[in-house]
Trainee: 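Below is a structure I'd like to ask you about.
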Amino acid sequence: MRASRLLSLLLLLQTRGRMTARDLADELEVSVRTVYRDVESLSAAGVPVYADRGPDGGYRLLEGYRTRLTGLTTGEAESLFLSGMPGPASQLGLGDVVAAAELKLMAALPPDLRSRAARIRERFHLDAPGWFRAPDDVPHLQPVADAVWNQQRIRVLYRRWARPQQVERVLEPIGVVLKAGTWYLIARTHHPDTQPTDTQPPDTAPAHAAPRTYRVSKILTLQPLPQRFERPPGFDLAAYWDAYAARFEADSYRDQATVRLNPNGLQRAALLMPPVMARAVHDNAGPPDPTGWTTITLPVESLRHAHVEFLKLGADIEVLDPPPLRAMMADTARALADRYLH
């Protein structure tokens with residue numbers, strides 16, 4: 001375990017350059033004191049690790065030093081072939097690149113690892129989109145990805161839900177995310193009329209907007225612009241997306257409904273309801289009453305959405321509150337009875 005951590009510390013310094021003890025500790029998920037001990041061990045083993053003092057200091061390797069301890073373990077080699085996503089890679093224009101890289105990796109692996117990697121490819125396959133839906137048509141994904149990589153502004157015509165539905169935007173694209181088969185662009189809106197300061201050239205004028213999320217399939221036209229931009233300092237794409245996804249769920253499920261579920265309804269709810277509601281069924285369910293029914297308060301998108309979701313459970317659910325939703329369920333039940341019993 002410690003040998004693996006020492007190698008990880010060494011590779012972090014080799015790939016990222018100067019890093020503070022705090023940064024290393026966060027990356028390795030250990031204490032700062034452990035980092036101090038590990039650095040001393042590397043130095044004792046002859047690895048040229050140096051400490052720079054001052055506010056911009058940290059640990060670094062001697063200029064030009066490169067370790068040769070970069071061989072893959074069995075698990076690492078196997079995991080690389082599990083991470084391949086041919087569909088999304090092709091959408092990004094990287095299908096041939098990924099295939100070539102995998103061929104080179106296979107050729108470089110020792111025979112025993114090569115056979116294990118081949119078995120991984122034969123026995124595991126990743127299909128990102130959800131059931132009963134085709135992936136989005138994303139004709140502008142490749143130029144979006146190019147703009148993200150090259151830090152290049154783009155002008156897009158975007159279709160949104162609000163009116164006017166089609167809007168033109170100049171965007172500074174800073175990341176792309178694939179979520180359940182759907183591609184999203186994370187970008188700041190640039191205002192062309194923003195005047196640069198005396199110390200800023202026109203091509204680096206600041207954008208006065210926080211990053212926003214755009215669905216790539218909603219981009220109707222895209223024009224790359226000659227201007228480049230600076231990425232937001234310290235922007236963490238994964239952290240942004242986690243916060244956005246949590247906020248999106250919270251904003252989407254603002255209403256509540258109180259229901260009763262029998263044992264069969266509890267089981268079916270976990271399979272038929274959207275993830276947010278299914279989690280609430282699991283987390284909020286108390287002990288059943290003497291008749292075996294459980295009362296639960298669930299988050300719902302709206303009365304209309306809740307009406308559709310609850311009808312999936314048929315007679316295994318009873319809506320208690322709010323009264324308008326209970327009335328909607330009763331009206332549907334009466335209509336069904338009239339249709340089938342008369």
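In this chain, residues are counted from 1 in sequence order. The basis for the numbers below is simple: all heavy atoms, side chains too, and nothing from hydrogens, waters or symmetry mates.
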Trainee: Roughly how far apart are K179 NZ and R215 CZ, rounded to 0.5 Å?
Mentor: 13.0 Å
Trainee: For E63, does the CD atom have more than 12 heavy-atom neighbours from other residues, nucleotides or ligands under 6.0 Å away?
Mentor: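 No, the 6.0 Å shell around CD holds no more than 12 heavy atoms from other groups.
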Trainee: Just wondering, do L12 and D23 contact through their side chains at under 4.5 Å, heavy atoms?
Mentor: no
Trainee: Looking at T295, T294, V319, V281, which one forms a side chain to side chain contact (heavy atoms under 4.5 Å, CB included) with V259?
Mentor: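 Answer to the side chain to side chain contact (heavy atoms under 4.5 Å, CB included) test with V259 among T295, T294, V319, V281: V319.
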Trainee: Taking a hydrophobic cluster as the set of Ile, Leu, Val, Met, Phe, Trp and Tyr residues connected by side-chain heavy atoms closer than 4.5 Å, whether directly or through intermediates, do V156 and L220 fall within one such cluster?
Mentor: no
Trainee: Keeping the roles fixed (side chain from R254, backbone from D251), state whether a donor-acceptor pair exists under 3.5 Å.
Mentor: yes
Trainee: Measure the CG-CG distance between L336 and L311 for me, rounded to the nearest 0.5 Å.
Mentor: 7.5 Å
Trainee: So D321 and T297, side-chain contact (heavy atoms from CB on, under 4.5 Å) or not? Walk me through it.
Mentor: CA-CA 9 Å; D321 192 68; T297 298; over 6 Å; no
Trainee: When hydrophobic residues are tied together by side-chain contacts of less than 4.5 Å, even through go-betweens, does I317 share a cluster with W293?
Mentor: no
Trainee: Going through the distances and angles, do R16 and E27 end up as a side-chain contact (heavy atoms from CB on, under 4.5 Å)?
Mentor: CA-CA 12 Å; R16 300 191 186 180; E27 286 286 343; 2.7 Å; yes
Trainee: Mind checking the CZ-CD1 spacing from R159 to I219? Nearest 0.5 Å is all I need.
Mentor: 11.0 Å
Trainee: When you look at L266 and I296, which way does the side-chain contact (heavy atoms from CB on, under 4.5 Å) test go after all the steps?
Mentor: CA-CA 10 Å; L266 284 174; I296 308 174; 3.7 Å; yes
Trainee: Hey, are the side chains of L303 and D255 touching, using non-hydrogen atoms and a 4.5 Å cut-off?
Mentor: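 Counting from C-beta outward, L303 and D255 never come under 4.5 Å.
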Trainee: Can you tell me if H307 uses its side chain to pair, donor with acceptor, with the backbone of L325 under 3.5 Å?
Mentor: no
Trainee: Which heavy atom of S217 sits nearest to which heavy atom of V138, and what is that distance?
Mentor: N-CG1, 3.9 Å
Trainee: At their closest point, which heavy atom of L222 faces which heavy atom of P143, and how far apart are they?
Mentor: CD2-CB, 3.7 Å
Trainee: Does D338 come within less than 4.0 Å of R334, counting only side-chain N to carboxylate O?
Mentor: no
Trainee: Considering all heavy atoms of both residues, which atom of W241 and which atom of Y184 are nearest to each other, and what is their separation?
Mentor: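 W241 and Y184 have their closest heavy atoms at CH2-CD1, 3.6 Å.
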Trainee: Taking the side chain from Q151 and the backbone from F229, do they hold a donor-acceptor pair closer than 3.5 Å?
Mentor: yes
Trainee: Could you report the tightest heavy-atom contact between G292 and P263, atom names first, then the distance?
Mentor: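 So the minimum-distance heavy-atom pair works out to O-CD, 3.3 Å.
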Trainee: Evaluate whether atom CZ of R304 has more than 12 neighbouring non-hydrogen atoms of other residues, nucleotides or ligands under 6.0 angstrom away.
Mentor: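 No, CZ of R304 has 12 or fewer neighbouring heavy atoms, counting only those of other groups under 6.0 Å.
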Trainee: Count the heavy atoms of every other residue, nucleotide or ligand shown that sit under 6.0 Å from CZ of F235, and state whether that count exceeds 12.
Mentor: yes
Trainee: What's the spacing between M277 CE and F310 CZ if we round to 0.5 Å?
Mentor: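 Atom-to-atom, M277:CE and F310:CZ are 4.0 Å apart.
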Trainee: I'd like to check R5 versus V30 (side-chain heavy atoms, cut-off strictly below 4.5 Å). Are they in contact?
Mentor: yes
Trainee: Kindly say whether L298 contributes a backbone atom to a donor-acceptor pair with the side chain of Y253 at under 3.5 angstrom?
Mentor: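 Such a contact is absent between Y253 side chain and L298 backbone.
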Trainee: Show the nearest heavy-atom pair for residues S8 and L28, with the distance to one decimal.
Mentor: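 The pair with the smallest heavy-atom distance is CB-CD2, 3.7 Å.
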Trainee: Does any part of the side chain of M273, heavy atoms only, come nearer than 4.5 Å to the side chain of L313, both counted from C-beta?
Mentor: yes
Trainee: Parallel, tilted or perpendicular: which one describes the rings of Y240 and Y244, with boundaries at 30° and 60°?
Mentor: parallel
Trainee: Would you say L157 and L185 are hydrophobically clustered, going by side-chain heavy atoms of ILVMFWY under 4.5 Å?
Mentor: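 Result: no, two separate clusters.
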Trainee: Any donor-acceptor pair under 3.5 Å linking the side chain of R188 with the backbone of I174?
Mentor: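 Pair absent, no side-chain N/O of R188 close to backbone of I174.
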Trainee: Kindly determine whether R60 and L13 satisfy side-chain contact (heavy atoms from CB on, under 4.5 Å), including the steps that lead there.
Mentor: CA-CA 6 Å; R60 64 181 178 87; L13 293 177; 5.8 Å; no
Trainee: Do the charged groups of E318 and R326 touch, with an N to O distance under 4.0 Å?
Mentor: yes
Trainee: Do the rings of Y59 and Y36 sit parallel, tilted or perpendicular, given the 30° and 60° boundaries?
Mentor: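 Correct class here is perpendicular.
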Trainee: Answer with yes or no whether the hydrophobic clustering places V167 together with V144; edges join I, L, V, M, F, W, Y residues whose side-chain heavy atoms lie under 4.5 Å apart.
Mentor: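 In one cluster: yes.
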Trainee: At what distance, to the nearest 0.5 angstrom, does CZ of R212 lie from CD1 of I186?
Mentor: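 Taking CZ in R212 and CD1 in I186, the distance rounds to 11.5 Å.
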Trainee: Got more than 12 heavy atoms from elsewhere within 6.0 Å of CZ, R160?
Mentor: yes
Trainee: If you measure from the Lys or Arg side-chain nitrogens to the Asp or Glu carboxylate oxygens, is any gap between D289 and R260 under 4.0 Å?
Mentor: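 A salt bridge links D289 with R260.
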Trainee: Given L42, which of L9, L7, L61 fulfils the side chain to side chain contact (heavy atoms under 4.5 Å, CB included) condition?
Mentor: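 For L42, the side chain to side chain contact (heavy atoms under 4.5 Å, CB included) test succeeds with only one of L9, L7, L61, which is L9.
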Trainee: What are the two closest non-hydrogen atoms of I154 and A147, and how far apart are they?
Mentor: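 Between these two residues, the closest heavy atoms are CG2-CB, 3.6 Å.
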Trainee: How many angstroms lie between atom CZ of R268 and atom CG of N262, to the nearest 0.5 angstrom?
Mentor: 8.5 Å
